[in-house]
Participant: 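Dropping a structure here in structure tokens format, bear with me for questions.
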Amino acid sequence: MILVVGAKGMLGQDLMALLGDRGHGIDIGEIDITSPESVLKVIGELKPEVVINCAAYTDVDGCENNIETAMAVNGEGVGYLAMACRDMGSLLVHLSTDYIFDGGKGTPYVEDDAPCPLSIYGESKLAGEMNAAFAPEHLIVRTQWLYGLHGKNFVETMLRLGAEKDELTVVDDQIGSPTWAIDLARAIVALIDAGCRGTYHAANAEYCSWNEFAKAIFEEAGLNVTVRPMTTTELNRPARRPLYSTLACDKLATDTGLHLQSWRDALRCYLELRSK
Ligand SMILES: NC(=O)c1ccc[n+]([C@@H]2O[C@H](COP(=O)([O-])OP(=O)(O)OC[C@H]3O[C@@H](n4cnc5c(N)ncnc54)[C@H](OP(=O)(O)O)[C@@H]3O)[C@@H](O)[C@H]2O)c1
């Protein structure tokens, strides 16, 4: 059995749908990953072969003012899951982020590149990666710019704003790969089924800025919205973001045979699914 922790989140729900009978989902009502007792009890009772940790504190700006919560959920909680997986002989699959990098490399990041987070969220997720290694059998999957049917995300925000306004301003100096949660779920299952261990990057292919992504969303959705550029400095959000954090996914392709589709094709698939 594959246990999905954080099963009610954006990725968790798409993963559960893909896993079907193989999956068993739990979320904050049934497990609190910041409590070692709660984690040991649940993992000890269910005895899963695999635990996929989708639970996280994902409010990037909120983390800046809630350091303890960020570290407890994204850092220490992963350690409790890892120790429970070690005790039960389970594989721990843990989700991480491009925000562990500082974005200064200038070319796509590979799995072995040195991390250097710019934000509390990034630091807490890096702590989680290190704690995941307490499980002898572990798989860390880094992704970025996630969107899906079941959570707050950039695509849904743009579609909502685009229905209300005919002009928007969106940052054009952050570059990454928008990633559809269903494609990420496919990559995670492919990595598990191929017996992979260690760290992998999984994101849709090709890259763009948030500004280009917003324009593509409006084009594909048939909305006539003018998208003006602005800089990250002008936007002035509490948490610093990496400016160029594209993730190279060659290792995923080589070890599983899975080549994730381009972000633009994935966006089309998402909008088609969403309209049904
Ligand atoms: N979203 C992105 O753009 C993005 C990008 C890169 C990486 N990631 C990573 O991908 C993973 C999945 O992200 P997501 O966007 O699907 O997350 P999400 O929608 O925020 O879902 C996280 C889930 O974890 C639950 N949770 C929070 N604290 C918990 C705790 N102490 N114990 C048990 N469950 C808890 C949440 O419940 P509540 O909602 O009730 O708090 C929620 O159901 C995360 O590891 C995230 O860091 C996300």
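First listed ligand is number 1; within each ligand, the first listed atom is number 1. Basis for what follows: all heavy atoms, side chains included, without hydrogens, waters or symmetry-related copies.
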Participant: Between Asp32 and ligand 1, does any nitrogen or oxygen pair lie at a separation below 3.5 Å?
Facilitator: yes

Participant: To the nearest 0.1 Å, how far is atom 21 (O) of ligand 1 from its closest protein heavy atom, and which atom is that?
Facilitator: Gly9 CA, 3.3 Å

Participant: Who's the nearest protein heavy-atom neighbour of atom 44 (C) of ligand 1, and how far?
Facilitator: Ala56 CB, 3.6 Å

Participant: For atom 16 (O) of ligand 1, find the nearest protein heavy atom and state the residue, atom name and distance (0.1 Å precision).
Facilitator: Leu11 N, 2.8 Å

Participant: Please identify which atoms of ligand 1 are closer than 4.0 Å to at least one heavy atom of Lys8.
Facilitator: 43 (O)

Participant: Please determine whether the number of non-hydrogen atoms from other residues, nucleotides or ligands lying under 6.0 Å from atom CD of Glu49 exceeds 12.
Facilitator: no

Participant: If we check side chain to side chain contact (heavy atoms under 4.5 Å, CB included) with Val141, which of these qualifies: Leu252, Ile52, Val93?
Facilitator: Val93

Participant: Under a 4.0 angstrom heavy-atom cut-off, which atoms of ligand 1 come close to Ile31?
Facilitator: 32 (N), 33 (C)

Participant: In Å, rounded to the nearest 0.5 Å, how long is the span from CG of Leu243 to NZ of Lys105?
Facilitator: 16.0 Å

Participant: Pick whichever of Tyr147, Trp145, Tyr121, Phe154 has a heavy atom sitting closest to atom 46 (C) of ligand 1.
Facilitator: Tyr121

Participant: From atom 22 (C) of ligand 1, work out which of Cys54, Gly77, Gly6 has a heavy atom at the shortest distance.
Facilitator: Cys54

Participant: Would you say Ile188 ends up clustered with Val4 if hydrophobic residues are merged whenever their side chains have heavy atoms under 4.5 Å apart, either directly or through other cluster members?
Facilitator: yes

Participant: Would you say atom 32 (N) of ligand 1 has a protein heavy atom nearer than 4.0 Å?
Facilitator: yes

Participant: Does the side chain of Thr232 pick up a donor-acceptor pair with the side chain of Gln174 at under 3.5 Å?
Facilitator: yes

Participant: Kindly identify the option in Ala55, Ala7, Ser96, Gly12 whose heavy atom sits closest to atom 24 (O) of ligand 1.
Facilitator: Ala55

Participant: Would you tell me which option among Thr58, Ile26, Ile100 has the nearest heavy-atom contact to atom 13 (O) of ligand 1?
Facilitator: Thr58

Participant: Just by distance, no angles: are the side chains of Asp61 and Tyr121 close enough, under 3.5 Å, to form a donor-acceptor pair?
Facilitator: no

Participant: For the 3.5 Å polar cut-off, considering only N or O atoms, please tell me whether Asp98 and ligand 1 meet it.
Facilitator: no

Participant: For Tyr109, what residues pass the ring-ring contact (aromatic ring centres under 6.0 Å, His included) criterion, not counting sequence neighbours?
Facilitator: Phe101

Participant: Between Thr143 and ligand 1, is there a nitrogen or oxygen pair with a distance under 3.5 Å?
Facilitator: no

Participant: With heavy atoms of Thr97 as the reference, note each atom of ligand 1 found under 4.0 Å away.
Facilitator: 6 (C), 7 (C)

Participant: For a side chain to side chain contact (heavy atoms under 4.5 Å, CB included) with Cys54, tell me which candidate from Asp14, Leu15, Val5 qualifies.
Facilitator: Leu15

Participant: Which atoms form the tightest heavy-atom contact between Ile120 and Cys63, and what is the distance?
Facilitator: CG2-O, 3.5 Å

Participant: Backbone, side chain, both or neither: what part of His94 comes under 4.0 angstrom of ligand 1, heavy atoms only?
Facilitator: neither

Participant: How far is atom 3 (O) of ligand 1 from its nearest protein heavy atom, and which residue and atom name does that atom have?
Facilitator: Leu146 N, 3.1 Å

Participant: Return the closest protein heavy atom for atom 25 (C) of ligand 1 as residue, atom name and distance.
Facilitator: Asp27 OD1, 3.4 Å

Participant: What residue among Thr34, Asn74, Asn66 forms side chain to side chain donor-acceptor pair (under 3.5 Å) with Tyr57?
Facilitator: Asn66

Participant: Any idea which protein heavy atom is nearest atom 28 (N) of ligand 1, and the distance to it?
Facilitator: Val73 CG1, 3.9 Å

Participant: Under the 3.5 angstrom rule, does the side chain of Lys47 hit a backbone N or O of Gly44 as a donor-acceptor pair?
Facilitator: yes

Participant: Looking at Lys125, which atoms of ligand 1 are within less than 4.0 Å of one of its heavy atoms?
Facilitator: 44 (C), 45 (O), 46 (C), 47 (O)

Participant: Of Asp183, Thr179, Thr143, which is the lone residue that meets side chain to side chain donor-acceptor pair (under 3.5 Å) with Asn204?
Facilitator: Asp183

Participant: In the protein, which heavy atom is nearest to atom 29 (C) of ligand 1, and how far is it?
Facilitator: Ile28 CD1, 3.5 Å

Participant: Note the single closest protein heavy atom to atom 15 (O) of ligand 1, along with its residue, its atom name and the distance in Å.
Facilitator: Met10 CE, 3.7 Å

Participant: Can you check whether a protein heavy atom sits less than 4.0 angstrom from atom 1 (N) of ligand 1?
Facilitator: yes

Participant: Which pairs pass ring pair (Phe, Tyr, Trp, His ring centres under 6.0 Å) with one or both residues in residues 211-231, sequence neighbours excluded?
Facilitator: Tyr147-Phe213, Phe154-Phe213, Phe213-Trp263

